[in-house]
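Taking it in order: structure first as structure tokens, then the write-up.
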Amino acid sequence: MKLCIALDLPSKKENLALLGSLKFNEQVWVKVGLRSFIRDGAEFLTEIKALNPQFKIFLDLKLYDIPNTMGDSVESIATLNVDMLTIHASSGREAMLEVMARLKAFSNPPLVMAVTALTSFDENSFFEVYHTGLETQVLEFAKMAKECGVNGVVCSCAESLVVKTQLGDEFLTLTPAIRPFGESSGDQKRVATLQDAKDARSDFIVVGRPIYKAENPRKVVETILENL
């Protein structure tokens, strides 16, 4: 299981300062989300690698568009030296096939993870949008993503074990909204602890606020890594 640190602070300066305190560590992935990428651009990714070339970059833009546009977008992302990216499984089979076909031209393409159900959804709010049960639809999205050659899915720990059991351990799961030791859930609905993630056989966990809001982020990261 790998730790992804979410860079969700209000400025590039603060995000880089956080990473600067952790640059000794080569075991972590760095998650750059929509806010940071819109504000700071591709240059930010270069600055992360300059701090520590061993950092793995997870560009979390959750692409959702028509197939050709998604294909064009992942081709551009693949030139940015990132290691993992996200698309939406609900963009459909054709879009996911297009994404994976475009990446075949690259010798070292990033991992592609398909978002199933955002962790801000609970059962009722998910049904309101998708008109089906959350766990059932997550598994259907995961099956379709695997059939399209996608590397894995983004889901909560509540669904990760089902995905692993049905689709095998080689199909990756990434679980956001991790509160490692039971911290406040904030605006997330389907949160989990570090032990929950282990039990769910998650391959990647995303931790944000419990790290960057801590008095000693480095110590929190060390403690998480010790418990992985």
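Keep in mind the model is a prediction, meaning the values are calculated, not measured.
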Criterion side-chain hydrogen bond (donor to acceptor under 3.5 Å, both in side chains) on Thr69 and Asp72, from CA distance to verdict: CA-CA 5 Å; Thr69 299; Asp72 290 344; 5.4 Å; no
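- Classified by interplanar angle (parallel below 30°, tilted 30° to 60°, perpendicular above 60°), the ring pair Tyr130/Phe126 is parallel.
- The distance from atom OG of Ser156 to atom CG of Leu118, rounded to the nearest 0.5 Å, is 11.0 Å.
- A ring-centre distance under 6.0 Å is found for Trp29 and Phe204.
- Between Glu147 and Lys143 no salt bridge is recorded (no basic side-chain N to carboxylate O distance below 4.0 Å).
- At a threshold of 4.5 Å between side-chain heavy atoms, the hydrophobic network of Ile, Leu, Val, Met, Phe, Trp and Tyr places Ile5 and Met1 in one connected group.
- Between Thr86 atom OG1 and Lys62 atom NZ the span is 5.5 Å, to the nearest 0.5 Å.
- Judged purely by atom type and a 3.5 angstrom limit, Thr136 has no side-chain atom pairing as donor or acceptor with the backbone of Gly133.
- Taken to the nearest 0.5 Å, the CZ atom of Arg39 stands 6.0 Å off from the CG atom of Asn15.
- Between the Ser160 side chain and the Ala200 main chain, a donor and an acceptor come within less than 3.5 Å of each other.
- In terms of modelled atom types and a separation under 3.5 Å, the side chain of Glu123 and the main chain of Leu134 share a donor-acceptor contact.
- How far CG of Leu22 is from CD1 of Ile211: 7.5 Å, rounded to the nearest 0.5 Å.
- A donor-acceptor pair under 3.5 Å is formed between the side chain of Lys164 and the backbone N or O of Asp169.
- Formation of a donor-acceptor pair under 3.5 Å by the Ser36 side chain with backbone atoms of Leu7 is found in this model.
- When atom types are taken as modelled, the side chain of Asp60 and the backbone of Val32 share no donor-acceptor pair closer than 3.5 angstrom.
- For the 3.5 Å distance criterion, the side chains of Ser125 and Glu128 fail to qualify, holding no donor opposite an acceptor.
- Distance CG/Leu225 to CG/Asn227: 9.5 Å, rounded to 0.5 Å.
- By the side chain to side chain contact (heavy atoms under 4.5 Å, CB included) test, Glu43 is found to be paired with Lys12, Glu47, residues two or more places apart in sequence or in another chain being considered.
- For Asp65 (side chain) and Met70 (main-chain N/O), no donor-acceptor pair under 3.5 Å exists by modelled atom type.
- Atoms CD1 and CD1, on Ile224 and Ile205 in that order, are 6.0 Å from each other to the nearest 0.5 Å.
- Phe121 and Tyr64 fall into different hydrophobic clusters, where Ile, Leu, Val, Met, Phe, Trp and Tyr side chains are chained together by heavy-atom contacts under 4.5 Å.
- With sequence neighbours excluded, the residues that form a side chain to side chain contact (heavy atoms under 4.5 Å, CB included) with Lys213 are Arg209.
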